[in-house]
Trainee: 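I'd like to ask you about the structure that follows.
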Amino acid sequence: MDSFLLISVVKAAVVFAVLMTTLAYLQWVERKVIAHIQVRPGPYRVGPHGLLQPLADVIKLLTKEDLIPPYVNKPLYLLAPFLAITMALLSISVIPFGPTIEIGGVRTWMQLTDLNIGVLFVLAVSSMGVYGIVLAGWASNNKYSLIGGLRSTAQMISYELPLSLAIASPLLISNTLSLRELVERQAGGIWSWNVFHGPFPQVFSFIIFLIAAFAETNRVPFDLPEAENELVAGFHTEYSSMKFASFFMAEYANMITVSCMATLLFLGGWVAPWPARYGSSLVPVAIFAMAGLVALYHGSRPARRRDRYSLPAFGILFLIAAAVFLLPIVQAWLLPLFWFCAKTGAILFAFMWVRGTLPRFRYDQLMGFTWKFLFPAAMLNLLVTGFLVAWVS
Amino acid sequence: MNAVPISWFLTLSAVLFVLGVAGFVFRRNIITVFMSIELMLNAVNLSFVTFSYQLKKVDGHLFTFFVMVVAAAEAAVGLAIILTVFKNRSSLNIDDVDTMKD
Amino acid sequence: MDVILFLVFAILAVACAINVVVQTHPISSALSLVGVMCSLAVLYLLLGAEFIAAAQVIVYAGAIMVLFVFVIMLLNAGAEVRKGRSVMAQTLGAPLLVALLGLMAYFVQRLFPRGDSVRFGGFTGGSALDIGRALFTTYLLPFEVTSILILIAIIGAVVLARKELE
């Protein structure tokens with residue numbers, strides 16, 4: 001009992017620390033990705049390649065004046081960002097990052113807790129997250145915030161339907177609601193993943209899930225609740241300092257959760273695309289070694305003077321990482337973690353890519369799209385999957 | 001003392017139900033009255049699930065499930081009616097909706 | 001442990017329920033009701049109804065109550081004006097309610113003596129599998145009827161809302 005408590009506390013602390021760092025750096029990555037899409041360097045001043053920019057942002061947000069406008073509904077105004085960030089971080093607690101690991105004779109899962117109804121838990125928590133945005137919009141007592149809040153309510157209720165239906169069809173194939181078992185049923189390689197596997201490959205359901213996920217996280221092209229050219233900043237217009245940062249972090253935490261869910265439901269979680277005996281364990285080594293060599297090459301003939309030391313340093317770091325992946329002791333838990341992060345990262349990159357590419361929808365287009373196209377498509381997909389699963393078994 | 005008597009759950013359900021009735025009787029805002037009905041439904045759901053535990057059968061859960069479905073349908077229609085009432089009378093007071101009395 | 005869990009969430013539920021009735025502003029009432037529903041979901045977990053607990057949060061707190069909050073915000077409903085309450089409701093209401101509560105509590109104590117008790121994990125038949133099996137065998141007809149009910153509700157809501165738009 002005591003060791004269980006200790007392990008849980010340690011795991012929670014590790015996950016929290018990693019998640020917070022990821023949240024801060026995800027924003028840096030996003031700024032860089034969008035900058036490169038738009039052919040500009042992005043953050044570059046603070047630290048090498050702007051790597052210390054998240055730190056500077058955190059200090060800026062913490063030291064800003066925390067202003068509470070006099071006309072707001074104070075208790076709800078204060079509750080809203082708290083609710084948003086809590087619900088966004090809560091769902092990470094059931095996400096499994098890898099199989100069991102053994103450290104110092106203690107075996108444990110790379111997951112905070114496994115629920116029999118893990119998928120439903122994530123859905124429930126994310127559906128409670130709406131209240132953060134709605135209350136922020138209402139309590140601010142500002143017409144732009146109110147319109148933003150109303151838009152997000154309607155949008156999130158509407159897109160929850162195709163999202164749930166898209167989740168239901170891989171569950172039909174995997175036959176479980178526990179996220180850990182979900183991954184175990186997809187073990188074996190790329191053709192056992194739900195997106196390609198089974199009587200009916202879930203490609204459509206995967207695409208529907210991603211589209212609905214963009215809307216649920218209020219991302220471009222569905223960021224109507226904070227459309228800055230019509231609504232100033234939407235539901236968080238009146239928020240400043242740490243309260244604004246909470247909404248910001250909640251958005252990124254939701255993105256991470258949704259990407260993790262897509263990975264677990266459709267892409268086989270931490271399972272490698274092909275078995276280790278055909279060399280899948282060498283992929284991370286190759287990637288890191290290549291990145292290290294490229295960095296060393298560019299460091300030897302720097303385009304800018306400041307790159308002369310930073311690029312070789314990064315090159316050596318990447319080479320060390322590549323070497324670490326060759327150690328048999330850490331391979332057992334590092335490889336699943338690598339594949340999980342790689343898949344989640346690819347989906348997160350898609351989020352940023354879309355943001356850099358697509359314009360925003362008009363509001364009636366947004367609602368028409370989900371009710372007239374996405375929802376029937378998800379329904380049809382579920383129907384076909386159900387029939388084929390019943391026919392095969 | 002590690003187990004909760006089943007009567008506690010049922011008493012809690014009774015308390016919630018009575019509070020729902022109180023809201024239904026005393027409040028004048030249509031939306032709040034509607035929410036009191038939801039509170040009563042929730043109280044009844046708790047009894048269903050408790051009885052399900054007592055009898056070690058899943059049937060109570062099924063009834064709760066059906067109550068939820070009915071509540072969802074009821075909320076959709078009820079709120080649409082409230083919208084129409086508000087549009088015609090620009091008031092949410094339940095005492096203003098008394099044309100049928102005369 | 002079970003007793004503490006029950007007491008915490010039961011008190012939370014009752015406090016939120018009182019708040020639903022007492023608050024004058026509908027949005028505060030709605031949020032308190034969300035609190036009631038979430039605490040009830042925890043109590044459902046205690047009773048071994050994991051699927052119902054999740055459905056409670058998803059359907060009740062996450063969909064129905066969001067709809068309520070949406071309508072309250074859309075109509076910009078203000079705080080309730082306390083006026084025109086009938087004398088009979090004022091004088092007789094509270095005593096009658098207390099009598100009703102007392103009656104129900106009496107029957108509960110009478111019918112369920114303290115011998116029966118709830119322990120976490122004492123009933124595990126509430127998983128999604130069991131519910132699905134019962135839903136599609138014993139309760140197939142009611143299930144199909146509710147789907148028609150939902151269809152009727154959708155059509156009704158659309159008809160009412162259309163009239164409002166014109």
Side-chain angles (χ1 to χ4, degrees), chain A residues 1 73 75-76 79-80 83 87 90 94 115-141 143 145-158 160-161 163-164 167-168 171-172 175-178 216 235 371 375 386 390, chain C residues 1 19 23 25-35 37-38 41-42 44-45 48-79 121 124-132 136 147 150 154 157-158 161 165:
Chain A
M1 181 65 200
N73 183 327
L76 296 184
L79 178 70
L83 211 59
M87 291 306 161
L90 196 59
V94 295
L115 298 181
N116 292 338
I117 47 162
V119 180
L120 293 179
F121 179 83
V122 174
L123 270 182
V125 168
S126 77
S127 71
M128 294 301 290
V130 189
Y131 283 107
I133 292 173
V134 174
L135 288 183
W138 186 79
S140 294
N141 211 351
K143 59 186 169 194
S145 304
L146 183 68
I147 293 174
L150 279 174
R151 279 183 176 184
S152 83
T153 326
Q155 175 181 333
M156 285 172 112
I157 298 185
S158 308
E160 221 163 61
L161 293 171
L163 188 83
S164 318
I167 288 177
L171 293 180
L172 274 183
N175 211 359
T176 177
L177 283 174
S178 150
E216 283 287 304
F235 60 89
W371 286 107
F375 181 55
Chain C
M1 190 66 191
N19 216 21
Q23 286 286 342
H25 203 287
I27 218 153
S28 316
S29 294
L31 288 177
S32 313
L33 194 52
V34 174
M37 284 159 179
C38 292
V42 177
Y44 290 167
L45 280 181
E50 49 188 36
F51 180 80
I52 292 298
Q56 167 95 357
V57 178
I58 294 173
V59 177
Y60 255 130
I64 298 180
M65 287 320 292
V66 171
L67 213 56
F68 272 96
V69 172
F70 182 77
V71 168
I72 295 169
M73 278 167 52
L74 193 69
L75 301 182
N76 205 5
T124 48
S127 66
L129 183 73
D130 296 310
I131 293 205
F136 289 103
S147 61
I150 292 268
I154 293 173
V158 167
L165 273 178

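So that the names make sense, note that chain A is the first sequence line, chain B the second, and so on, each numbered from 1.
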Trainee: Which residues satisfy the side chain to side chain contact (heavy atoms under 4.5 Å, CB included) test with A:L79, sequence neighbours excluded?
Mentor: A:L76, A:F82, A:L135
Trainee: Which distance, rounded to the nearest 0.5 Å, do you find between the CG of C:L74 and the CG of A:L146?
Mentor: 9.0 Å
Trainee: Tell me which of these, A:L150, A:I117, A:V130, has more heavy-atom pairs under 4.5 Å with chain C than the rest.
Mentor: A:L150
Trainee: Return the option, out of C:I27, C:V59, C:L129, with the maximum number of heavy-atom pairs under 4.5 Å with chain A.
Mentor: C:I27
Trainee: Within this structure, what is the OH-OG distance for the pair C:Y60 and A:S127, rounded to the nearest 0.5 Å?
Mentor: 14.5 Å
Trainee: For the side chain of A:Y131 and the backbone of C:A61, is there at least one donor-acceptor N/O pair under 3.5 Å apart?
Mentor: yes
Trainee: How close do C:M73 and A:G149 get, heavy atom to heavy atom, and via which atoms?
Mentor: CE-C, 4.1 Å
Trainee: Checking A:F375 now: which residues fulfil ring pair (Phe, Tyr, Trp, His ring centres under 6.0 Å) with it, not counting sequence neighbours?
Mentor: A:W371
Trainee: Side-chain contact, heavy-atom cut-off 4.5 Å: A:M128 with C:V34?
Mentor: yes
Trainee: Heavy-atom distance under 4.5 Å to chain A: side chain of C:V66, backbone, both or neither?
Mentor: both
Trainee: Which value, rounded to the nearest 0.5 Å, describes the distance between C:L67 atom CG and A:I157 atom CD1?
Mentor: 5.0 Å
